[in-house]
Amino acid sequence: MLLQQKRTMTTAQAIVECMKREEVKHVFCVPGESYLPVLDALYDEPSIHVISNRHEGGAAFMAEGYAKSTLKPGIVLATRGVGAANLSIGVHTAYQDSTPMIVLLGQVHSKFRGREGFQEVDLDQFFKPISKWAVEVKDAERMPEIMQRAFRIAQSGRPGPVVISLPEDVLPKEVEMHFGPSLTIPTPGPSLAEVDEVEKLLGSANYPLIIAGGGVKSSQAEDALVDFAEKYDLPVMAAFRRHDVFPNDHRLYAGHLGLGTHPEELQTVKEADVILAFGTRLSEVTTQDYSIITPDKKLVHVDIEFETIGKVYAPDIGIVADLHEALQAFERIEINSTWVEWAQERHEAYRHASSLDVDEDDVINKHVIAILNEKLPDNALLTVDAGNFAGWLHSFYPFKEKHTFIGPTSGAMGYGMPAALGAKLATPEKTVVSLSGDGGFMMTMQEIETAVRDQIPVISLVFNNYMYGTIRMHQEMHYPEKVMSTNLGDVSFKELAESVGAKGYVVTTPEEFAQAFDRALEHKLPTVIEIITGQEQISVSSTITSIRERAKK
Ligand SMILES: Cc1ncc(C[n+]2csc(CCOP(=O)(O)OP(=O)(O)O)c2C)c(N)n1
Ligand SMILES: [Mg+2]
């Protein structure tokens with residue numbers, strides 16, 4: 001269909017027209033009087049579904065989860081300084097997680113700018129350090145240009161968030177708007193010389209290792225990565241919270257580099273002599289506090305963003321490329337050796353470290369993961385919040401297919417459930433389950449009402465240990481037995497869920513959990529399953545007692 005490139009309309013209508021041209025299906029918001037014309041233009045556009053959230057933080061996380069699932073920008077709308085402040089956690093997460101997002105914020109009238117008008121904040125300045133581009137619209141006729149540029153910036157290079165401030169007097173202005181051609185996203189590839197260099201370096205390796213990150217997902221290179229790894233029997237590890245870059249049950253998978261990664265899995269990096277870092281920024285968590293890629297190793301770093309290369313480690317070969325293009329170019333590589341034995345050994349180490357065999361001595365946290373693994377289809381999508389409860393998922397759940405995991409590399413609490421709602425909207429055919437702790441869940445749990453109102457059937461698991469367990473663990477390590485600010489009160493998540501019309505269950509044993517989970521799978525309604533856990537087993541590998549003992553030594 002040929003789209004008309006020139007039309008008279010309001011600035012608000014031009015925003016919605018750009019969304020339509022980019023095939024936006026859902027937008028997330030908390031309404032405000034500052035951007036009513038945009039809401040009105042959305043009212044007139046039936047192809048775009050507007051979700052009204054309970055908190056801008058929830059709206060931003062939902063948009064972020066939606067964007068991670070669709071690889072298209074998540075769109076959030078909010079009002080002035082107040083809405084902006086509330087949603088900034090989602091913008092920060094999109095920034096750290098390289099997720100495309102467009103944030104549209106109502107701003108005070110241009111006549112009042114600079115007088116500290118009602119809820120006035122310099123929104124472009126406020127978001128500059130945590131966005132790829134933050135801009136205020138001054139001329140109505142430039143709205144299509146800015147919106148189209150926002151879509152381009154959010155998705156080009158390393159994806160990320162763009163913030164647009166919309167003074168309220170600009171929105172109703174009616175002018176002739178010019179729309180540019182629809183978007184194409186550049187996918188640069190490596191040069192022939194770079195491919196030759198990789199061939200030479202890989203050919204010299206004794207113990208090569210691929211560390212694969214979000215760039216594999218955003219360039220949809222998961223299958224190409226399997227082909228490349230299989231060609232030479234190269235072991236593959238997933239970067240922090242990017243489990244599903246590579247099938248975890250594949251003979252070449254060697255584990256996940258996250259918080260509390262098992263020493264046997266870390267051993268793989270220790271022994272590696274050539275590291276192929278593919279689409280990962282080699283973050284603090286992935287590199288275990290920048291400790292594991294030591295100077296004796298050779299590093300090939302492939303990333304779509306020029307700035308990512310050399311940001312942490314100066315690579316021996318640094319290539320700016322889209323991962324999919326790079327892996328296709330690497331098909332030219334010809335090396336006679338393969339690394340079957342090394343890969344086999346490292347996969348075995350992973351299997352040993354992540355064994356899901358459970359017995360009655362295991363805490364309920366591990367049983368729950370085993371039950372999820374048993375009952376969920378391989379394509380089910382799991383989202384996670386920040387907190388120690390997540391350690392059991394990260395350590396033991398085998399993600400077998402692509403697009404099955406979404407988690408915040410930013411470590412933002414409150415993320416898991418709203419992100420699951422966004423993911424479910426994006427992939428309604430999938431079973432979507434979120435995992436949260438009692439602390440994180442309660443930061444955004446009001447979005448359960450959004451799920452009920454908008455009929456988004458997600459199963460939310462809440463691991464209730466009545467504490468900010470992660471911080472309690474760190475507290476015990478540094479200030480043993482001095483518990484401060486980390487205890488939480490008694491909340492019935494079952495009853496809170498029921499009070500907004502969701503299904504609620506509370507369970508204390510694996511059997512009860514299995515039953516409740518079966519029912520949740522059957523009735524396909526927004527559901528909260530509260531799992532009462534103990535406090536003593538404070539992480540996968542430590543108890544409160546063992547930490548206190550260690551601190552005494
Ligand atoms: C928004 C935000 N605030 C604070 C923190 C610091 N923090 C990390 S984990 C954690 C506690 C998590 O508690 P809970 O969700 O109950 O999970 P648990 O560790 O008990 O399993 C806190 C406060 C954070 N990561 N994000
Ligand atoms: Mg907790």
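The CD1 atom of I369 sits 11.0 Å away from atom CD1 of I364, with the distance rounded to the nearest 0.5 Å. To the nearest 0.5 angstrom, R241 atom CZ is 6.5 Å from L259 atom CG. For the atom pair CZ of F28 and CE of M101, the computed distance is 9.0 Å after rounding to the nearest 0.5 Å. To the nearest 0.5 Å, atom CD1 of residue I102 and atom NZ of residue K132 are 11.0 Å apart. Distance check: Q288 CD to L257 CG gives 6.0 Å after rounding to the nearest 0.5 Å. To the nearest 0.5 Å, atoms CD (E17) and CE (M147) are separated by 11.0 Å.
I406 and S69 make their closest contact through CD1-OG, 3.4 Å (heavy atoms, listed as atom of the first residue, atom of the second, distance). Looking at every heavy atom in both residues, E512 comes nearest to T508 through OE1-N, 2.7 Å. Here the shortest heavy-atom pairing between T99 and A67 reads CG2-CB, 3.5 Å. Considering every non-hydrogen atom in both T93 and S410, the closest pair reads OG1-OG, 2.9 Å. Across A84 and L123, no two heavy atoms sit closer than the pair CB-CD2, 3.5 Å. Counting all heavy atoms, side chain and backbone alike, L183 lies closest to Q148 at CD1-O, 3.7 Å.
Side chains of D97 and T409: a donor on one and an acceptor on the other come within 3.5 Å. Side-chain N/O atoms of Y415 and E64 include a donor and acceptor closer than 3.5 Å. Under the 3.5 Å distance criterion, with hydrogens and angles disregarded, no donor-acceptor pair is assigned to the side chains of E33 and T79.
No side-chain donor-acceptor contact under 3.5 Å links N373 to the backbone of Y397. D322 contributes no side-chain N or O that, together with a main-chain N or O of S219, makes up a donor-acceptor pair within less than 3.5 Å. Remark: side-chain polar atoms of R346 are not paired, donor with acceptor, to backbone N or O of V236 under 3.5 angstrom. Looking only at distances, no side-chain donor or acceptor of D223 sits under 3.5 Å from a matching main-chain atom of A221. Checking side-chain atoms of K424 against main-chain N and O of K430 turns up a donor-acceptor pair under 3.5 Å. A donor-acceptor pair is defined here as one N or O able to donate and one able to accept, closer than 3.5 Å; such a pair exists between the side chain of Q537 and the backbone of V540. S499 contributes a side-chain N or O that, together with a main-chain N or O of L496, makes up a donor-acceptor pair within less than 3.5 Å. Remark: the backbone N or O of L525 is paired with a side-chain donor or acceptor of T527 at under 3.5 angstrom. No donor-acceptor pair closer than 3.5 Å links the side chain of D44 to the backbone N or O of A41. Counting only distance, with no hydrogens or angles, the side chain of T383 and the backbone of G416 share a donor-acceptor pair below 3.5 Å.
The environment of K503 atom NZ is sparse: at most 12 non-hydrogen atoms of other residues, nucleotides or ligands sit within 6.0 angstrom. More than 12 heavy-atom neighbours from other residues, nucleotides or ligands sit within 6.0 angstrom of NZ on K217. Within a 6.0 Å radius of CD in E23, other residues, nucleotides and ligands contribute 12 heavy atoms or fewer. Residue E498 qualifies as enclosed at atom CD: its count of foreign heavy atoms under 6.0 Å is above 12.
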Kindly indicate, with the supporting measurements, whether the criterion side-chain contact (heavy atoms from CB on, under 4.5 Å) is fulfilled by F441 and D385. CA-CA 8 Å; F441 191 72; D385 212 273; over 6 Å; no
Can you check side-chain contact (heavy atoms from CB on, under 4.5 Å) on V368 and F463, steps first, answer last? CA-CA 10 Å; V368 166; F463 292 82; 3.8 Å; yes
V384 and H394: CA distance, side-chain angles, deciding distance, side-chain contact (heavy atoms from CB on, under 4.5 Å) verdict: CA-CA 9 Å; V384 83; H394 290 311; 4.2 Å; yes
Walk me through it: do N365 and F396 pass the test side-chain contact (heavy atoms from CB on, under 4.5 Å)? CA-CA 11 Å; N365 308 57; F396 303 117; over 6 Å; no
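Among residues two or more places apart in sequence or in another chain, the ring-ring contact (aromatic ring centres under 6.0 Å, His included) test is passed with Y350 by Y253, H347. Partners of K400 under the salt bridge (Lys or Arg N to Asp or Glu O under 4.0 Å) rule, at least two apart in sequence or in another chain, are D378.
A salt bridge links R351 with E348: the closest approach of a Lys/Arg side-chain nitrogen to an acidic carboxylate oxygen falls below 4.0 angstrom.
Side-chain contact between Y66 and K25: present, with at least one pair of heavy atoms (C-beta onward) separated by less than 4.5 Å. By the 4.5 Å heavy-atom criterion applied to side chains, Y35 and C29 are counted as neighbours.
Within the structure, side-chain hydrogen bond (donor to acceptor under 3.5 Å, both in side chains) contacts touching residues 440-464 (residues at least two apart or in different chains) are H49-D454, N53-E447, R54-E449, S434-S460, E447-T450, E449-R453, N464-E530.
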